[in-house]
Every structure is written in structure tokens, then in C-alpha cells.
Student: 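Would you mind keeping the following structure in view while I ask a few things?
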Amino acid sequence: MKRMVDCSILLAKGKQAGGLVRNGLILLFVFLMMVGPVYSLNLTSVTHLFDIQHDFRQPSDVAVASDGSIYVVDGVNQCIKVFDSKGEFVFSFGEVGGGPGQFNYPLGMDIDGADRIYVADSGNHRVQIFSTKGRFLNEIKMKNKNGKMPDPTDVAVDSHGTELFVVDNDNHCIYKYDLKTLQLLDVIGHAGIERMEFRYPFLITMDKDKYLYIVDVINTRVQEMTNDGKFVQFIGDWGVEKGQFFRPKGVAVDSEGMVYVSDSYMGVVQVFDGGVFHSVVGDVSTNELWRYKSPVGLFVDQKDRLYVVEMFAERVSVFQINR
Amino acid sequence: MVFFLGEQLHMKQLHCLISCVFLFFTLLFPQIGLAEVEAPSNPSSAKECALCHYRWIDTFFLYGKGSDLVPYQADKVVAEAEICHSCHDGSVADSRARVYNDQHHPINKPPPAGMEIPEIFPLDKKGFMQCATCHTAHGVPSEMGMDKTIFVRTSNDDSGMCRQCHKDKDGGVDQGNHPIDSTKIKFSAEIRKLGAMEGTRENQVICESCHRVHGAPNDKFLIDSVQGGGHLCLDCHSDKEGLLDTVHDLRISAPDSTNLKGKTPAQSGICGVCHLVHGASEVMLWARKMPEKSTGHKAMDLCVSCHQKGGIAKKKILSKNSHPYNVSMSDKGMNPKLPVFNVEGRRVSLGKGILSCPTCHDPHKGRKIQPGEEIATGDKFLRLTNKPSPVLCRECHPAESRVELTDHDLLAAGSKSMNSQGQSPVESGTCGVCHLIHMADNDGLWAIDSKKGSRQPAEAVCLACHNSDGVAASKVLGKRSHPVNINPKKRGVTTTLPLYDRKGKKGEAGLVTCLTCHNPHQWDPAKERIGHYLGREGDGKNSFLRLKSAEAPTLCANCHTDQSYVAMTDHDMTILAPGSRNSLGQTPDQSGTCGACHLVHNGKIRVRLWARQLGSGNGIMDKMCKSCHNKKDIGVKKVPIVDSHPPGMLITNVGRNTKGESNYFPLFQRRTGKKVTVGDISCSSCHDVHRWDPKVAGPGTGENLEGRTTNSFLRMQTYKLMCIDCHGLDALFRFKYYHNSKQRGPVVN
């Protein structure tokens with residue numbers, strides 16, 4: 001599971017040896033540094049269960065209901081596609097337009113404990129709420145911020161369906177709504193690079209303790225905050241090393257509180273524990289990390305199955321997280 | 001890590017280490033050698049730059065290695081699709097539908113052979129086009145504002161960027177391309193909805209009016225399909241929609257035919273069958289092979305390219321006689337709202353163009369073929385309708401179109417007669433009953449037999465209907481009618497009415513025919529507009545006369561000037577006896593001044609076509625006078641007691657028989673009324689019944705005057721010569737002797 005090279009061991013050995021032996025060891029070290037693939041990182045073991053491919057056109061997000069039904073945002077096709085827990089297509093709903101049940105390039109979604117589906121209908125500047133059968137229930141029309149149209153890219157809802165958080169990508173902030181009244185409660189954050197500042201926040205998730213994780217794309221990090229809008233911590237940083245992001249996109253939290261973050265350009269899903277890099281999703285049988293083609297939306301269901309939406313590959317890959 | 005190790009070593013060892021590291025580095029990773037890796041022109045590993053310039057990330061660029069997550073990146077990927085998509089996937093901007101699909105400008109391919117790519121559009125090291133060929137994330141200085149910035153390398157206002165590479169698509173019709181920059185046609189709501197872009201000017205056509213480089217769902221990056229029904233073309237050229245499902249829709253009539261690019265109608269679409277948007281002929285963007293032998297007029301050549309022997313429209317070709325073409329309508333004083341073309345086939349203003357096929361025909365407007373209907377070739381594709389109203393013909397022939405809703409409009413009259421091509425009026429239209437536009441077997445383009453009934457075509461065309469078996473059997477000419485086929489010039493008659501030669505051609509010289517007095521296209525000469533005159537019984541004011549013969553005798557006066565002076569005299573029945581009637585039962589108001597005494601058609605009396613009942617008298621001339629001048633008629637107050645000169649006196653008028661001379665003294669043959677030089681004196685020898693005062697060449701005053709010997713309809717010499725000639729100073733006595741028997745006494749010589 002682990003394949004690490006401990007430099008300190010090499011160094012100790014180098015001190016004890018002399019002359020040619022020492023230089024040889026150093027050269028060996030350099031060689032090992034360059035040759036790879038020698039991973040000095042952990043892999044979070046997953047087992048690939050199945051892929052879902054159903055004429056998707058650049059799907060972006062996924063959510064799973066309590067009965068295991070899988071809801072996929074097929075935004076360029078202007079619809080939500082629904083599959084059973086084995087990945088078999090069941091039905092779809094939505095069409096292009098601005099009316100109830102119609103979409104204009106939706107991007108993100110979430111699902112509450114009552115299996116109500118919340119869809120960020122980006123082009124229509126609203127959030128639509130549906131039943132598990134795809135019946136339109138309600139909508140939240142977002143208002144302009146400082147004269148600029150809102151661009152809702154994702155939503156996060158608590159399990160009780162009382163609080164809804166909506167990411168406004170273009171306005172670099174998070175909206176908090178009361179789902180009972182559909183009233184706006186708070187606007188959290190603004191453009192910037194400091195705490196509770198964002199540059200193109202994209203997808204969001206909420207864990208069971210109501211902590212929110214917001215992927216801050218151009219700031220190349222995930223910001224964790226409370227449901228009151230208080231900053232908790234940054235997760236990840238800029239770069240291509242472990243624990244760093246080039247294009248973070250999706251975020252999900254498993255039953256043990258491990259945070260999964262996809263990077264669409266590097267094509268990996270990294271796992272963080274308490275805000276600290278923990279591992280990369282991989283296959284222990286081959287000792288290789290999983291390479292995805294433009295991974296975007298993530299979801300971890302109650303059975304700790306990891307769903308990865310691969311936008312460029314136009315599929316949803318489903319894995320079982322091994323404990 | 002490397003530097004940490006270095007601090008633990010002596011300098012010599014360090015040098016050795018560095019050398020070895022460099023050696024290993026070079027041997028093991030030749031892909032990052034200086035010779036292999038293109039050096040960034042302005043490398044910066046600052047995050048803002050490396051966000052796109054992936055290979056500038058410190059791990060790659062400074063340390064020259066990969067990471068646990070990704071391999072080392074040596075090549076430039078900044079402008080590859082994956083990098084662009086990593087932001088344009090909705091996480092920063094959502095270009096998924098517009099850019100990232102199968103319908104976009106080619107990338108990962110070289111430009112077409114022969115295309116010159118300006119230096120500002122860089123190709124990759126293989127010479128292939130990439131996103132970065134057109135785009136740069138650094139923006140365009142010339143276009144400020146996020147609303148316009150699409151990160152292209154130069155301004156694309158008015159498709160300026162497209163034109164720099166696609167030069168062969170520019171230049172408009174002169175270069176065989178669809179016009180660019182034209183603002184003639186308003187962008188329709190439909191095409192705007194499809195995403196058509198206009199240039200900097202309103203309705204300015206640019207490349208992106210039809211093409212969309214990213215996300216267009218159709219071939220050639222078109223925003224709408226051109227195949228099948230040609231939707232894209234029709235989005236703007238909606239006036240051409242009439243082509244659909246007609247015989248000119250070659251999907252139906254010639255599905256196997258091909259255009260210049262070898263495409264069938266199904267492949268090219270209904271518009272592409274005849275027009276190519278790019279790479280076409282410079283005339284109308286024509287897409288078909290032009291005829292080998294030009295007509296000399298390119299607009300016509302387009303039609304002939306199909307309508308010729310061996311062509312796909314070989315059943316409809318020009319043959320025999322046709323309506324004139326290649327003529328200037330402007331020169332003929334016509335002002336139609338129809339298109340005219342120059343010899344190059346370009347539509348031009350009326351004064352600069354000539355009539356061609358598309359002047360009358362609109363190939364885009366025909367009758368739709370119904371499902372299951374057999375394809376017929378009878379559709380004329382007329383630009384304007386000719387049924388039931390002759391709208392098209394009226395454009396050039398407005399005067400002739402006044403035939404509509406008259407008895408000469410056999411379509412309106414419901415006639416079922418057939419023209420020479422076997423067409424009923426319903427099929428031929430009003431004008432087509434008498435005139436053919438194409439396929440006429442005579443150069444007069446008559447649709448009726450112009451040789452039957454008369455040797456004169458201009459008369460025969462009338463008699464074709466106006467005969468006992470014809471459509472106008474109720475209006476047949478009787479034997480006693482005004483003479484026709486006579487040359488007025490030979491009779492000393494001048495006229496402004498049209499005369500006709502023996503081929504039926506109208507002119508200033510020629511013969512008098514029906515058409516000299518009648519205009520078959522206009523019922524009432526005074527009403528230059530269309531009215532409803534069907535089934536009317538005519539009179540001297542209408543009846544298709546060129547000029548009115550009632551109330552004033554304008555028509556008759558055009559030839560019979562001297563006789564027209566009867567108007568407004570006591571011989572003008574319209575004044576003297578408006579309640580009287582001629583032998584046809586017409587009042588003077590109906591018949592006109594002349595018609596009160598003369599019948600042009602269907603008279604009962606041959607002499608002078610007399611229209612009244614003859615009175616008593618020695619000769620026909622006196623009988624005509626006594627039609628009125630008798631004790632029972634309207635001239636009762638002017639009945640001479642003695643009204644005759646002794647007959648049989650063998651009076652000769654030689655030397656005095658020239659009409660117009662002051663000593664004119666005509667003698668008339670008793671029975672026929674013809675002028676003779678030896679005969680009896682009749683009323684008309686002394687009287688000119690058409691002229692009150694011989695000294696006044698004009699109509700009367702309309703007043704009822706008591707005459708004197710100097711007027712009273714007497715001829716000029718009545719006082720000066722005639723009586724004196726025979727009777728000298730006793731003329732008065734002789735006059736009284738002849739006119740009052742009570743004063744007659746023995747004649748003393």
C-alpha cells in the first residue's frame with residue numbers, strides 16, 4: 001500500500017560510508033529521484049465497480065439518493081439523468097428552457113435526507129428543487145449582486161433540508177438560504193485570495209456535521225467553513241505535488257470525514273484528513289493511482305461508494321472505498 | 001533536498017556530485033535537454049502565469065522533474081484543448097456546448113494546402129492549427145471590455161480575423177462568393193435566434209452571420225442546415241421560400257442531377273442546386289453548367305442552363321416566337337416594378353437594364369406539388385400573378401390591362417373558349433386568351449388564328465370572335481358598316497388614329513381596320529382605370545372606342561374633320577332633338593352627333609350608312625334630308641314649300657366638283673348618292689349639311705339661329721356663283737320660283 005523512499009535513511013548511510021561508496025549512494029539517490037514511478041505517498045484503496053455512460057455531453061456533477069438511485073447532471077443535454085444503484089438508466093427529466101423543469105446548462109446538484117434534488121440551473125440563474133421522480137417542486141431565483149448576474153454552479157443542502165448553500169461562481173461568494181421560506185439569509189465571501197475570499201468557487205459539499213467545503217478553483221484550494229460562514233481552514237495549495245492542486249473541481253466527504261478533491265487537469269482524486277493531505281485514490285492491486293479524464297463532480301454515498309464524474313470522458317465512474 | 005545534502009559535503013565532493021548529477025540528468029532525461037525543449041519566451045513560474053503555462057510550474061521548470069501525482073511536463077501545452085477546458089468547463093466560464101464538441105474549427109490539423117497563414121496566427125511545431133493559433137489568453141489590445149474579449153489574437157470585428165486566412169471566401173459575388181458586408185437584407189428573428197452575428201453596422205453580413213467557429217451543429221460550421229430544405233439560406237432569403245416543393249425544387253423534379261460540385265439536390269440542399277455560397281460562378285453565384293452557346297445575356301443563360309435541349313428542363317424550352325426580351329423597357333416608356341438585368345446578368349436599375357427571363361419569371365415562386373401528385377411542367381413561375389387579374393402584364397402594359405372586367409375579358413366573362421394552345425381562359429389568364437408569350441406560331445404572338453376571316457391580321461383577330469360562330473356572335477358586324485382595309489391617305493384623309501399594315505403591325509401609315517377606331521383593351525376611352533363593364537350594351541361613349549363619338553364627335557372628327565363641324569349646329573341632334581332616335585333606337589346622346597344620322601355598324605341603308613328613315617324625294621340625297629325635313633319630323637319648321645330643282649336638266653359641275661374649292665358644287669347620283677359630274681341638283685348640291693356657315697371652319701355655337709343666305713348650311717358659292725351661273729340677275733326670282741310655287745310665273749329668258 002505504501003511505497004516510500006526515506007531520504008534520511010540514505011543520508012545516514014552516506015555519512016557512515018566513505019569516498020566512492022558515499023558518492024555512489026548519492027548518485028543512486030539522484031537516480032531514484034529521477035527515474036520514478038516511485039511513489040512517496042499513500043493510496044486510498046478503491047475498487048472499481050462500474051462506469052455509467054449514457055450519451056452524456058460533458059456531465060458535471062452527481063448525487064445519490066437514499067435508495068441508491070444515481071442522479072447525474074447532464075448539463076449540455078439540458079437534463080438530469082437517473083440511474084439505479086447498478087448504473088442502469090431509469091429515466092431523465094428536463095429540457096432546454098427557462099420554465100419550471102427546464103434548464104440552461106445546469107452544473108451542480110445535491111440531495112437532502114428526504115431525497116429532494118437541488119439543481120444549480122446556472123444559465124437560468126436559479127436553483128430548482130425536484131422530487132426523486134423529477135417532478136418540479138420549487139425554485140429559488142437568485143438576484144443580481146452589484147448589478148452582475150448570479151452564476152450558481154453548485155448547491156449544498158443539509159440532510160434535514162433546512163439550509164441551502166449556493167455557490168455564485170461569477171460573483172465569488174456563497175449564498176445561504178432558508179429552505180422553509182426560500183429567503184436569502186446571508187451572502188458569504190467575496191472576490192480575493194484571503195480567508196473567506198474566493199476566485200471562482202465552483203463545487204461545494206456539506207458533511208454530516210454541516211461543515212462546508214468549497215472548491216476555490218483559481219485560488220487552487222478548498223475552503224472549509226461552518227454553516228455560519230466562519231472560516232475553518234484551507235485544504236490544499238497551488239502546485240502539482242501531493243496535497244496541491246492545479247485545477248481542483250469536485251469535493252466530497254466520506255463517512256469517516258475524509259475529504260476527496262478531484263483535480264480535472266492532473267486527473268487525480270486526492271484525499272485529505274483534517275485538512276492535511278492523506279492519500280490519492282488508487283488501486284492497490286496494481287499499486288497505481290487512478291487516472292481520470294477530467295474528473296469534476298464527486299459524491300460519496302452512505303455505503304462509501306465514490307462517484308467520479310469524468311467530464312471529458314463523458315462517464316461516471318463508480319468505486320467502492322475500501323476500509 | 002539536494003541543497004540540504006550539499007551542505008553536508010566538501011566542495012570537491014560537491015563539484016563531483018554536481019558533475020555526476022548533470023551527467024545522469026542529461027543521459028536519463030534527454031527530453032529536457034536544451035536542444036529538445038523549446039525555451040519559453042518569457043517564462044514565469046508565478047502562479048498567475050503557470051495557471052495556464054503548466055510546464056512553468058516550479059516542479060517542472062525549476063526542478064526539472066515530475067511529482068508523485070503527474071509526470072514531468074516538458075512540452076508546451078498552454079494552448080491545448082485540455083488546458084482551455086480546465087477553466088471553460090463551467091468552473092470559470094461555461095463553454096462546454098459552444099467550444100468543446102465535435103463542431104469546431106479544425107485543430108490538430110495543418111491548414112489547407114495553399115492557404116497563407118499570417119504570422120500573427122502561430123501554428124504548433126508540427127505546423128498544425130491549435131486553439132492558440134487564433135486565441136491567446138493575453139487578450140487583444142484593440143478590443144477593450146470583457147463583453148468583446150474572446151482572447152483572439154487580433155480584432156475580429158466584421159470577421160476581420162477570418163478573412164486574413166480565408167481570403168478565397170472574400171470578395172463577394174465578383175469572386176464567386178456570397179456578399180460580405182452587405183446590409184441590404186434585415187437579419188430575421190429566426191437567424192438571430194440561431195446565433196447569427198452581424199457586423200459593426202446594422203444587418204451587416206459577416207462570416208459569423210452564417211458560420212460559428214465553435215458549436216455550430218452543421219457541416220461547414222453553419223449555424224443552420226443548408227441541406228434538404230435549405231433552412232439557413234431561407235432564414236434570410238425568406239422571399240425564396242416559394243421554391244419549396246415546386247418543380248424547381250430539384251429534390252422532387254431532378255433528384256439525380258448534380259451541381260458543379262457534383263452534389264445532388266439532397267446533398268446540396270434546394271438552394272445549393274443552383275447557387276454556391278463560395279466558389280461559384282460570378283453570375284448569381286450560379287452552381288450549374290452554363291449553356292455552351294450563350295444567349296448573349298447571362299441572366300437568361302442561367303435559365304437556359306436547364307431549359308435547353310438535353311437539359312433537365314428540356315420539356316420547357318424557348319422555341320418559335322416569344323415575347324421580346326433583351327429590350328429596354330425604359331426606352332419604351334414603361335416603368336414596371338420588375339427587375340431588369342444587364343448583359344452580365346446583374347440586376348440593375350430600370351434605365352440600365354433590359355428585359356430577361358427573370359423579369360417576368362421568379363424561379364423561386366411556383367405552385368407546390370401536392371403529395372402524390374404527378375410532376376407537371378405547366379407551372380410558369382410568374383413573378384406576379386396573371387389570374388384572375390393580369391397583374392404581371394399590367395406592370396408594362398397598364399393601358400392594355402384595362403381589358404379586365406370588360407366583355408373582352410373572357411376569363412371574367414366565364415367563357416370556355418380555347419386559345420390556339422388549347423388553353424381555356426382559366427388556364428391562360430385574361431391576356432393569354434389573345435396573346436401568347438412563348439411558343440407562338442406567328443410573330444404577332446396571337447393566341448388566336450390571325451389568318452381566318454380576313455387577310456388583314458388586325459381585322460382577323462377581331463373577327464375570330466366576332467363571327468356568327470364565335471364567342472362574340474351577338475356582336476357580329478353587318479354588311480353595312482364603316483369601310484375597313486382602306487388607306488385613308490389615298491382618300492386625302494389624315495388621322496392620328498392607328499393604322500395597320502398587312503402583317504397587322506400598328507403604325508402611322510397603313511389601313512383602317514377595326515383597331516383603328518376600337519381599342520379592344522379599354523371599354524370607355526375616358527376612364528383610364530379598371531371598372532366593371534361586363535355585359536354592358538355600349539354606345540358612342542364607350543364600346544371599346546379609342547375616342548368618344550358621343551357626346552362630342554371626337555372619334556369621327558379625327559378623320560372626318562369637315563363633317564364634324566355639324567356639332568353644335570341645328571343639325572346636331574343632341575341639341576336640336578335630344579329625344580329623337582336613330583334606326584337603332586339610340587338617342588343622340590347615346591349615338592353621338594354623327595350617330596344620329598350615320599351608323600358605323602349594322603346600318604340598314606348603305607348610302608352614307610344612313611341612320612334615319614328616308615323621306616320622300618327625287619334622289620337618295622334629298623330623301624336623307626327629308627328624313628327630318630318633312631311635316632312629321634323634327635325638321636318640320638324647315639320644310640321648303642318647293643324643295644326640288646327640275647330634274648333631267650343635265651347639269652354639269654365640271655370645274656366645280658373639287659371639294660374644298662370655293663366653287664364646289666357637287667352633284668350626286670340619284671340612287672347611290674355617289675358624286676357625279678352630270679346630274680340633278682339635290683339639296684346637298686347647295687347645302688353642306690355639316691357646316692352652318694361656309695366661312696366658318698368649325699362647329700356651331702349651340703344657338704338656334706335663324707339663317708341668312710350667307711349661312712344656313714349653304715355652300716360657299718350658293719350666293720355668289722351657283723344661282724348666278726345659271727340665272728344671273730334673276731336668281732332671286734328663280735330661287736323663289738323653285739322654292740315657292742305660288743310665286744312661280746312664266747319664265748322669261
Side-chain angles (χ1 to χ4, degrees), chain A residues 7 10-11 14-15 22-23 26-27 29-31 33-41 57-58 60 75-76 78 105 107-108 122-123 151 153 169-170 199-203 215 217-218 220 238-244 246-249 263-268 270 280 289 293-294 296 311-312, chain B residues 1-2 4-6 8-9 13-14 16-18 20-25 27-29 32 45-48 50-52 54-55 57-60 63-73 77 80-83 85-102 215:
Chain A
C7 293
L10 278 176
L11 184 60
K15 283 181 179 176
R22 182 170 57 194
N23 286 344
I26 293 170
L27 289 174
F29 159 75
V30 174
F31 173 79
M33 286 287 289
M34 299 302 174
V35 172
V38 180
Y39 297 119
S40 58
L41 48 78
R57 291 172 66 193
Q58 300 180 69
S60 51
V76 180
Q78 313 285 8
Y105 299 106
L107 278 162
S122 306
D151 178 27
T153 53
N169 182 260
D170 284 354
R199 285 199 295 170
Y200 294 101
F202 184 40
L203 298 182
V215 180
V217 176
I218 299 301
T220 57
W238 158 246
V240 294
E241 302 289 352
K242 58 189 180 184
Q244 295 180 333
F246 184 71
R247 286 290 188 278
K249 291 291 165 63
D263 188 306
S264 69
Y265 193 78
M266 292 202 288
V268 297
Q270 300 185 66
V280 181
L289 50 80
K293 197 167 183 183
S294 187
V296 187
M311 185 179 276
F312 245 25
Chain B
M1 187 76 70
V2 172
F4 171 76
L5 285 169
Q8 311 299 317
L9 303 174
Q13 293 168 326
L14 181 61
C16 179
L17 173 63
I18 292 172
C20 292
V21 167
F22 182 78
L23 178 63
F24 267 83
F25 196 79
L27 291 174
L28 293 173
F29 302 97
I32 61 168
S45 60
K47 180 181 176 184
E48 302 308 306
L51 270 170
C52 296
Y54 181 61
R55 66 169 173 159
I57 289 177
D58 289 351
T59 302
F60 307 135
Y63 307 125
K65 67 181 183 69
S67 74
D68 292 331
L69 302 179
V70 290
Y72 172 70
Q73 182 66 47
V77 293
E80 288 187 354
E82 288 79 3
I83 281 285
H85 184 260
S86 68
C87 284
H88 287 264
D89 58 356
S91 61
V92 175
D94 194 350
S95 309
R96 289 176 298 165
R98 184 175 171 82
V99 179
Y100 296 94
N101 48 54
D102 294 332

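As the structure is a computational prediction, the values presented were derived from the model and not from experiment. Throughout, a chain's letter reflects where its sequence line sits, starting with A, and its residues are numbered from 1.
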Student: How close do G90(B) and F202(A) get, heavy atom to heavy atom, and via which atoms?
Tutor: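 Taking G90(B) first and F202(A) second, the nearest heavy atoms are O-CE1, 3.4 Å.
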Student: Please check this pair: side chain of R247(A) against backbone of S91(B), looking for a donor-acceptor N/O pair closer than 3.5 Å.
Tutor: no
Student: Identify which part of F60(B) has an atom lying under 4.5 Å from any heavy atom of chain A, answering side chain, backbone, both or neither.
Tutor: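 Answer is side chain: those atoms of F60(B) sit under 4.5 Å from chain A.
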Student: Examine whether an atom of D94(B) lies under 4.5 Å from a heavy atom of chain A, and if so say whether it belongs to the side chain, the backbone or both; otherwise answer neither.
Tutor: side chain
Student: With only heavy atoms counted, which part of M266(A) is less than 4.5 Å from chain B, the side chain, the backbone, both or neither?
Tutor: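 Looking at M266(A), backbone and side chain both touch chain B.
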Student: Ignoring hydrogens, what is the shortest heavy-atom contact between D68(B) and L289(A)? Give both atom names and the distance.
Tutor: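 Residues D68(B) and L289(A), closest heavy atoms: O-CD2, 3.6 Å.
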Student: Please look at D263(A) and chain B and tell me whether the side chain, the backbone, both or neither of the residue comes under 4.5 angstrom of a heavy atom of that chain.
Tutor: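 For D263(A), neither part sits under 4.5 Å from chain B.
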Student: Please state whether the side chain, the backbone, both or neither of V280(A) comes within less than 4.5 Å of a heavy atom of chain B.
Tutor: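 Just the side chain, heavy atoms under 4.5 Å.
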Student: Can you list the steps and then say if S86(B) with K249(A) is a side-chain hydrogen bond (donor to acceptor under 3.5 Å, both in side chains)?
Tutor: CA-CA 9 Å; S86(B) 68; K249(A) 291 291 165 63; 5.3 Å; no
Student: Could you have a look at V296(A), T220(A), V268(A) and say which one has the most heavy-atom pairs with chain B under 4.5 angstrom?
Tutor: T220(A)
Student: Which heavy atom of W238(A) sits nearest to which heavy atom of A50(B), and what is that distance?
Tutor: CZ2-CB, 3.4 Å
Student: Locate the shortest heavy-atom distance separating C87(B) from I218(A); write the atom from each residue and the value.
Tutor: SG-CD1, 4.2 Å
Student: So do the side chains of H85(B) and S294(A) get within less than 4.5 Å of each other, counting heavy atoms only?
Tutor: yes
Student: Do R199(A) and V92(B) pass the side-chain contact (heavy atoms from CB on, under 4.5 Å) test, and can you show the C-alpha distance, the side-chain angles, and the key distance before you say yes or no?
Tutor: CA-CA 9 Å; R199(A) 285 199 295 170; V92(B) 175; over 6 Å; no
Student: Could you go through the side-chain contact (heavy atoms from CB on, under 4.5 Å) check for F246(A) and V70(B) one step at a time?
Tutor: CA-CA 11 Å; F246(A) 184 71; V70(B) 290; over 6 Å; no
Student: Would you mind telling me which of V217(A), D170(A), N169(A), L203(A) has the largest number of heavy-atom pairs within less than 4.5 Å of chain B?
Tutor: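 Option with the top pair count is N169(A).
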Student: Would you mind checking if K65(B) and E241(A) are paired as a salt bridge, meaning a charged N to carboxylate O distance below 4.0 Å?
Tutor: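 Between K65(B) and E241(A) there is a salt bridge, with a charged N closer than 4.0 Å to a carboxylate O.
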Student: Under a 4.0 Å threshold between the charged nitrogen and the carboxylate oxygen, would K293(A) count as salt-bridged to E82(B)?
Tutor: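 Judged by the 4.0 Å cut-off on N to carboxylate O distance, E82(B) and K293(A) do not form a salt bridge.
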Student: With a 4.5 angstrom heavy-atom cut-off, which part of Y265(A) approaches chain B: side chain, backbone, both or neither?
Tutor: side chain
Student: Report which part of Q270(A) has an atom under 4.5 Å of a heavy atom belonging to chain B: side chain, backbone, both, or neither.
Tutor: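 For Q270(A), the side chain is the part near chain B, not the backbone.
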Student: Could you state the interatomic distance from OG (S264(A)) to CG (D89(B)), rounded to the nearest 0.5 Å?
Tutor: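 Interatomic distance, S264(A) OG to D89(B) CG, rounded to 0.5 Å: 5.5 Å.
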Student: Please assess V240(A) against Y72(B) for the test side-chain contact (heavy atoms from CB on, under 4.5 Å), listing each intermediate value before the final yes or no.
Tutor: CA-CA 10 Å; V240(A) 294; Y72(B) 172 70; over 6 Å; no
Student: Is it the side chain or the backbone of S122(A) that comes within 4.5 Å of chain B heavy atoms, both, or neither?
Tutor: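 Nothing of S122(A), per the 4.5 Å heavy-atom cut-off to chain B.
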Student: With side chains defined as the heavy atoms from C-beta onward, is the minimum distance between R57(A) and R96(B) less than 4.5 Å?
Tutor: no
